[in-house]
Amino acid sequence: MSEKIALIEGAQEVMEAARFADTSAVSHRVRFDAALCTGCGLCAAFCPMEVIAVEDGAPVAVAEEACWGCETCSGQCPTHAIRIEAAPGAAEVAAEEPAEPLDEVVREQYRAWADTLTEVLGLRWHPVAVSLIGADEPLPAVPQPEERLRFCQALMAARRGRALMMPVNRHACPDGTSILGLSPIPAKLASGELYILFHKLDSVEAAQRMVAERPSLPPRSVRATVTCPLDDARCEAQVVAVIGTPEQMMWLSMATSYYTGHRHDFHASGYNAQCVETTLIPLTSGEINISFGCYGCRASSDVDDSLMMMGIPVALMDDVVRGLRELGKRAIPQSRDKVYLPPF
Ligand code: SF4
Ligand code: SF4
């Protein structure tokens, strides 16, 4: 067992104790249809927050206040016997003085970056400015969604032009939220148990290794995620996420190497695409990273099968954009015009 896995296991008690402190009010109701329910218990087994228990052969919401509205239970129910009802506004963040608006010089720079990325690559969607607001930082003036969303859903909304801020009580994915430092990791995810139930990994050991090898931020070190179109950012970004085709990613990768010739060591897995691969790896490594998406974001957002993602640390953006402009003068248009066919 690796040291990292032992640390995760050791932290479980603390995380369990903190489970109920993350939601200050009930924001979801879990409804079961007794006429449809067979009492199979799958909902209880799959709920990452241990909201549901089976009592006398029937599921019961024993800890409704801990429900995140992630709909894992209803997604697994073979008879569609579960309905999760959201109660919008039940857990608002207390009103407070918002952070200073983003400096106009920075906004202008972000717009210029967005223009170059969009024009040279021919992006269909906005590049996205991703910001993680630290626990002791003021919140920027950005709208919150009415209902809980997954981080990947917010990122996809931003590529369509919608800026969103999500404190922990607006996040719907306990896994991504713990990775991004908004909450402790639920025990069933840290232990690997859920990944085995989903048939996504061969063994508990493999699941624990996958969890241990991904970066994560300390619980509650982040108070909100903010995802904005890069050309309409409301606060300083740490990472720029680009959603595009493999060909567009190829040019971005080359733009990053344009002045240095360095090749890239990408870190991708198919698990935790937007939170880990597109956001945290660029943030913690200072290097660009690609993602093929994960089964979670592909199921819960409108990301097309033909698309993949790249996360670019903001500190690299100047060089990436300069390199891309140079490639855009001749290399990209010329290459896109050429088709080499075998001689038959
Ligand atoms: S998964 Fe559906 S059918 Fe099975 S116990 Fe839960 S509600 Fe009932
Ligand atoms: S919506 Fe998610 S957290 Fe709530 S009961 Fe269902 S699986 Fe558990």
Side-chain angles (χ1 to χ4, degrees), residues 12 15-91 144-154 166-180 182-200 207 211 219-220 225 271-272 274-275 294-301:
Q12 285 315 298
M15 292 168 177
E16 276 297 275
R19 183 161 65 103
F20 296 102
D22 280 326
T23 43
S24 55
V26 173
S27 57
H28 291 89
R29 306 272 177 203
V30 187
R31 301 286 185 235
F32 301 99
D33 185 333
L36 295 174
C37 177
T38 63
C40 69
L42 281 175
C43 51
F46 275 88
C47 172
M49 302 308 292
E50 299 177 49
V51 169
I52 305 171
V54 177
E55 295 178 358
D56 298 327
V60 181
V62 292
E64 205 171 41
E65 68 277 22
C67 175
W68 283 57
C70 64
E71 308 239 12
T72 307
C73 53
S74 47
Q76 292 299 322
C77 176
T79 60
H80 307 290
I82 308 175
R83 202 173 67 248
I84 303 297
E85 292 177 357
Q144 296 179 38
E146 283 290 307
E147 294 184 8
R148 287 178 184 249
L149 295 178
R150 290 162 192 264
F151 177 67
C152 48
Q153 292 171 326
M166 299 201 306
V168 65
N169 62 16
R170 285 294 176 271
H171 276 267
C173 173
D175 201 13
T177 312
S178 63
I179 288 166
L180 292 171
L182 286 102
S183 61
I185 184 171
K188 278 190 186 178
L189 288 164
S191 69
E193 183 186 334
L194 265 191
Y195 292 101
I196 305 305
L197 277 175
F198 277 119
H199 304 287
K200 294 293 193 297
V211 170
R220 299 200 182 81
T225 57
Y271 303 98
N272 310 116
Q274 311 298 14
C275 45
C294 65
Y295 57 89
C297 78
R298 291 196 179 277
S300 55
S301 72

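Ligands are counted one by one from 1 in listed order, and the atoms in each one are counted from 1 as well. Computed over heavy atoms, backbone and side chain alike; hydrogens, waters and symmetry mates excluded.
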**Q.** Taking atom 2 (Fe) of ligand 2 as the reference point, the nearest protein heavy atom with its distance
**A.** C70 SG, 2.3 Å
Q) Would K188 and E50 pass as an ion pair if we require N to O under 4.0 Å? A) no
Q) Between atom CG of L182 and atom CE of M166, what is the distance when rounded to the nearest 0.5 Å? A) 8.5 Å
Q.
Could you walk me through whether F32 and C37 satisfy the side-chain contact (heavy atoms from CB on, under 4.5 Å) test, starting with their C-alpha distance in whole Å, then the side-chain angles of each, then the deciding distance to 0.1 Å, before giving a yes or no?
A. CA-CA 7 Å; F32 301 99; C37 177; 5.5 Å; no
Q.
So does D175 get a backbone contact from the side chain of S178, meaning a donor-acceptor N/O pair under 3.5 Å?
A. yes
**Q.** Metal proximity, C73 vs atom 6 (Fe) of ligand 2, N/O/S cut-off 2.8 Å
**A.** yes
Q: Starting from atom 4 (Fe) of ligand 2, find the nearest protein heavy-atom neighbour and note its residue, name and distance.
A: C67 SG, 2.4 Å
**Q.** Proximity of T38 to ligand 1 by residue part, where a heavy atom lies under 4.0 Å
**A.** both
Q: Would you mind running through ligand 2 and noting each atom that sits below 4.0 Å from a heavy atom of V51?
A: 5 (S)
(Q) Is C37 close enough to atom 4 (Fe) of ligand 1 that one of its N, O or S atoms comes in under 2.8 Å? (A) no
**Q.** P145 backbone acceptor or donor facing R170 side chain under 3.5 Å
**A.** yes
Q. Counting from 1, what ligand 1 atoms have a heavy atom of C77 closer than 4.0 Å?
A. 1 (S), 2 (Fe), 3 (S), 7 (S)
Q) When you measure from the side chain of R150 to the backbone N and O of C70, does any donor-acceptor pair fall under 3.5 Å? A) yes
Q. Would P48 count as a contact of ligand 2 if the rule is a heavy atom under 4.0 Å away?
A. yes
Q: Would you mind listing which atoms of ligand 1 come within a distance below 4.0 Å of any non-hydrogen atom of G39?
A: 5 (S), 8 (Fe)
(Q) With heavy-atom distances below 4.0 Å as the criterion, list the atoms of ligand 2 near T72. (A) 7 (S)
Q) What atoms of ligand 1 come closer than 4.0 angstrom to any heavy atom of T79? A) 3 (S)
Q | For G41, atoms of ligand 1 separated by under 4.0 Å from a heavy atom | A | 4 (Fe), 5 (S)
Q | Nearest-neighbour protein heavy atom for atom 8 (Fe) of ligand 2, which is reported as residue plus atom name and distance | A | C47 SG, 2.3 Å
Q) If you round to the nearest 0.5 Å, how far is CD1 of I52 from SG of C67? A) 7.5 Å
Q | Exercise: identify the closest heavy-atom pair between R148 and V168 | A | NH1-O, 3.7 Å
Q: Starting from atom 3 (S) of ligand 2, find the nearest protein heavy-atom neighbour and note its residue, name and distance.
A: W68 N, 3.4 Å
Q: For atom 6 (Fe) of ligand 1, grab the closest protein heavy atom and report residue, atom and distance to one decimal in Å.
A: C43 SG, 2.3 Å
Q.
Give me the atom names and distance for the closest heavy-atom approach of G69 to A172.
A. O-CB, 4.2 Å
Q) In Å and rounded to the nearest 0.5 Å, what is the OH to OH distance from Y271 to Y195? A) 8.5 Å
**Q.** Distance (rounded to the nearest 0.5 Å) between T72 OG1 and F46 CZ
**A.** 9.0 Å
Q: Classify the contact between E71 and ligand 2 as side chain, backbone, both or neither, using a heavy-atom distance cut-off of under 4.0 Å.
A: backbone
Q.
If the cut-off is 4.0 Å to any non-hydrogen atom of I82, which atoms of ligand 1 fall inside it?
A. 7 (S)
